[in-house]
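Order of the sequence lines sets the chain letters (A, B, ...), proteins ahead of strands, with each chain counted from 1.
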There are 2 protein chains.
Amino acid sequence: MSTAVENFIKAIYKNDKHDGNDTKPGNIAKKLGISNAAATDMAKKLASKDLLNYEKYQELRLTEKGSKMALNIVRKHRLWESLLFKLFDMSLHEIHREAELLEHQTSDFLANKISAYLGNPKFDPHGDPIPNEHGEITTVDNSIQLSQTQAGKSYIISRLMSDDKEFFDFCALHGLKFGNRIMVTNQFQNNKMTQISINYNTILLNEDFTNIIYVNEIN
Amino acid sequence: MSTAVENFIKAIYKNDKHDGNDTKPGNIAKKLGISNAAATDMAKKLASKDLLNYEKYQELRLTEKGSKMALNIVRKHRLWESLLFKLFDMSLHEIHREAELLEHQTSDFLANKISAYLGNPKFDPHGDPIPNEHGEITTVDNSIQLSQTQAGKSYIISRLMSDDKEFFDFCALHGLKFGNRIMVTNQFQNNKMTQISINYNTILLNEDFTNIIYVNEIN
DNA sequence: ATTTTATTTTAAGCTTACTTAAAAATATTT
DNA sequence: AAATATTTTTAAGTAAGCTTAAAATAAAAT
Ligand SMILES: [Mn+2]
Ligand SMILES: [Mn+2]
Ligand SMILES: [Mn+2]
Ligand SMILES: [Mn+2]
């Protein structure tokens, strides 16, 4: 399948899995930076290939075959991120940018080589789970959004769900990374702000950030 | 530039540099597996972009700009081959196959990271020189074809210039690889065959092989 | 419930990268 | 030198993946 098709399928998968908005052509188009008309066209074409179900004006739904393809691409994306992050001195934003291209030019054979070399990791450097070669995610995710945490409790950062450079730069600057410990010192419900303590520093985060930072409570 | 354009430019570069046949659309078409008509079309298009000079019925010649582009792609190709060969247990044929795709989705930034990680190597696993980030090949190649060697002398294999799986499998089986030592025991000029000795084994190679295996004399 | 706004779809058109078939030019053989 | 074969070019056409503009439908606001 072409890069265009793969990115389209992946965008549907991710929108369905994580984003609040409904999986209609317009929202996918927005993510991919193409016109609504192009997205509708593509949806019809992929329906004819049994990768998704399309009914006029309804949400797009991946078929079993479409989901498998999405997970295969996600696997390659996250394996590349893991490899680049391990070998080279690259930021989370940079590895994502390169992986976005490399994912489409990677044989299953090479993906398995990368995976084996890394010791078949279950998570990428963002904390996102890496599907296995059968397209299965075997890990269970119990993490919650930072916005849902309680003041006074401590947490481990488990996931930075973004691909925005500014966000990653901010995180890197303040030590907000996968595996690091933080303490929630205040939840300002009305203002949708969360105050945390990390490395003896106090930072105040708005909901744009607290909704994409995931954590696990320390017991 | 697109993958099609990059492969076209690279094919011209390689044909010019190594292959005996003249650099006309038909020969490039043959290499790329496209029709002569498609090659002529592409040649005209690239001429309009100042990547090559095109005159009806004449040979295609890369401009300075076109050569730079070719060397940039060759660099990425050979860096990928070097990385994959080092990290994973992959054959010369396999690394070439993957590099053929990855080369088109690699930023200069990433290429430099790969190069630095490998210690800025000057040769890839086939013995081909790796251009630097300015598109320059600084090494001098004094190697000769195995077909041009003399009986009774010893040589080091410096280059396996091919991308054919059968050839590589044969080489791997008999220890014919970059850096290994061989002795030429007989040159059968009339029959265009060369007999060599390697690892206490004697093998007889025809010109298909002796023309793409390059060696350096041991003094 | 009606009007207004937003989204989705259709329609027409563009570029890239190919194809096959026929015409033109070049290269080879006799 | 002429005939033949090969190669290159032109011409016409296709599929993928886009675009913009207009029409149809759905969602939101009044
Ligand atoms: Mn990513
Ligand atoms: Mn991508
Ligand atoms: Mn190669
Ligand atoms: Mn290639």
Once you apply a heavy-atom cut-off of 4.0 Å, does B/Ala38 come out as touching a base, just sugar-phosphate, or nothing? base

When the distance from [atom1] of [X] to [atom2] of [N] is rounded to whole Å, what number comes out?
| X | N | atom1 | atom2 | answer |
| --- | --- | --- | --- | --- |
| B/Lys30 | D/dT6 | NZ | C1' | 10 Å |
| A/Tyr54 | C/dT7 | OH | C1' | 12 Å |
| B/Met1 | C/dT15 | CE | P | 16 Å |
| B/Asp41 | C/dT16 | CG | C1' | 10 Å |
| B/Lys49 | C/dA17 | NZ | P | 7 Å |
| A/Gln58 | C/dT7 | CD | P | 16 Å |
| B/Asn36 | C/dC18 | CG | C1' | 13 Å |
| B/Lys44 | C/dA17 | NZ | P | 16 Å |

Is B/Leu204 close to B/Thr194 at the side-chain level, that is, under 4.5 Å between some pair of heavy atoms? no

Side-chain heavy-atom pair A/Glu98, B/Phe109 within 4.5 angstrom cut-off: yes

Select one nucleotide: of [options], the one nearest the side-chain heavy atoms of [X].
| X | options | value |
| --- | --- | --- |
| A/Ser35 | D/dC18, D/dT19, D/dT25 | D/dT19 |
| A/Lys45 | C/dT10, D/dA16, C/dT20 | D/dA16 |
| A/Ala37 | C/dA17, D/dA21, C/dA21 | D/dA21 |

Is it possible for you to check whether B/Lys45 lies under 6.0 Å from the centre of the six-membered ring of B/Phe8, through NZ or CZ, and within 45° of that ring's axis? no

Check whether any side-chain N or O of [X] sits under 4.0 Å from OP1 or OP2 of [N], and answer yes or no.
| X | N | value |
| --- | --- | --- |
| B/Thr40 | D/dT8 | no |
| B/Lys24 | D/dT6 | no |
| A/Tyr57 | C/dA6 | no |

Are A/Phe85 and A/His126 near enough that their ring centres are under 6.0 Å apart? no

Taking the nucleotide of DNA chain C with the nearest heavy atom to each, does A/Lys56 or B/Ala39 sit closer to the 5' end? A/Lys56

Single hit among B/Lys76, B/Lys10, B/Arg75 for salt bridge (charged side-chain N to carboxylate O under 4.0 Å, His left out) with B/Glu103: B/Lys10

